[in-house]
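Numbering starts at 1 and runs along the sequence shown. One-based numbering, in listed order, for ligands and for the atoms of each.
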Amino acid sequence: MSMNTQGRPSAPTEAGGTAAHETFTGNKALQMEEALIFEIGRNDVCGVDLEEPEDFVPALGGHARRAELDLPALTEPEAMRHYVRLSSKNYAIDAGLYPLGSCTMKHNPRLNEKMARLPGFADVHPLQPRSTVTGAVEMIAELAHWLVTLTGMEAVAMSPKAGAHGELCGMMAIKAAHTAAGRDPKVVLVPESAHGTNPATAALLGYKVVSIEAREDGTVDTQAVQDRIAEHAGNVAGIMLTNPNTCGLFERDIIAIAEAIHAADGYFYCDGANFNAIVGKARPGDLGVDAMHINLHKTFSTPHGGGGPGSGPVVLSERLAPFAPLPFLRKGPDGPEWIESEAELQDGEQPFGRMTAFHGQMGMYVRALAYMKSHGADGLRQASEDAVLNANYVRVGLEDLMSLPFGSRWCMHEVLFDDSFLKDTGVTTLDFAKAMIDEGYHPMTMYFPLVVHGAMLIEPTESESRAALDLFIATMRDLVMSAQRGETGRFKGAPFHAPRARLDETRAARKPVLKWQRPAASEVQPQAAE
Ligand SMILES: *Cc1c(COP(=O)(O)O)cnc(C)c1O
């Protein structure tokens, strides 16, 4: 078939040349191929009728552009189709089950969207005078109140814009507290199973990351923590621990670990990405946590994964609260006061600086608070219980066929399998995940955490019905049995039904092509197929 330089068909050839199951257009039934807007756009059309401008003299002097602007333009129907087709290419929680472990891909209630679009929330400007946004500030204060209440903590820094940003904020508060006490410890302890952002955060702040190996049962051993503390006596700034951990297990010795780190003058940073398992059941403040980020976009249902910005407020213990960054909220006699600058500080307030120019992600705040208020305290607790129940339902439905690295025991809101059930089948975790795409499922989290071989971390969340879980379990069982029967063909080239199959991810990362080049005029002429 004739192709232009973008690999798109240009004209049929006499000899034909469309292989079996390939289509001339590249479309697969009603799944449309979509060219880049630069390829289909041109500059002689316009989607709207504009009045001819009257004569005017630009104030740009000699700086006015002389060359053609060369932006791609489309007619209105073309523009509609282009963006509607693009919008249908993104797999989303609104389209199907999204069992991505550690990501809490739960349903985003539409009520949240309605609230976030209310004028007064949707159209506030960060530079508006404070007197005109008292309602918005009140809303943020109410969300902050829910966050400190649910976590049993003293204060919350609202501005961080995602989990990783929250980690940075919490660790900067810890660093500031050490500095204020005249200490300069250099070591941060991080368990092996930690999310990559934990050691990255510590390293970014100049800390040496000391790893703590996992116990046989996938949890952190207090003795191992004590041993590392002893090895680095007097030099431990803190520990970064996830609970429930990334193996989907509750760290039972968390209080003893907190006590050990506090006895060494260190702080306990908890990665709160997995908070969805324990909301309303356990309060991190009661477990000895000093700082913890909360991914509003995971636990509290604000959209994420190509769906919108994150938000990662950080709750702080009494000892760290004074170091919360600007801007912050202070309880005043007439309601919450928004403290913007050093000039407004009172005794004892020692912000370490600021994380963001403004106040954070307003739309995410509204959505998270709408979620909390529509559930109520009892509803939030039930959501956690259902999330844990659903993960265990998946575990029990698959554990006879797939392999649990830490044995058959209750998991929290996600269940971790390793790849030993694929041993000698010739099918890898990656192949298995690609075959799931053919079945219409977004794959689970793969190869994370690193502590188990070929990890598959499945988090169904509480929003899935029993019927949806039954179909998912049946599909997974079919795939496992197929792999074990030696049907490698179903896996090795998968996905077969997706518009694109296996991408060269390494090359894409190492040699990214970030700029579209207009092909030379001669190249777009039909060429004979080889
Ligand atoms: C998602 C996640 C993070 C990072 O959160 P972002 O909002 O993506 O920056 C950190 N730790 C764990 C365990 C996570 O699952």
Please work out whether the ring planes of Tyr91 and His442 are parallel, tilted or perpendicular, with thresholds of 30° and 60°. tilted
Between Tyr98 and Ile93 the two heavy atoms that sit nearest each other are CD1-N, 3.6 Å
Nearest heavy-atom pair of Thr219 and Phe250: which atoms, and what distance? CG2-O, 4.0 Å
Option among His293, Met172, Met292 that satisfies the side-chain contact (heavy atoms from CB on, under 4.5 Å) test with Glu167: His293
Exercise: identify the closest heavy-atom pair between Ala144 and Met158: CB-SD, 4.0 Å
Parallel, tilted or perpendicular for Phe432 and Phe491, by the 30°/60° rule? parallel
Sub-4.0 Å heavy-atom environment of ligand 1, residues by chain: Ser102, Ala162, Gly163, Ala164, Glu167, His195, Thr197, Asp271, Ala273, Asn295, His297, Lys298
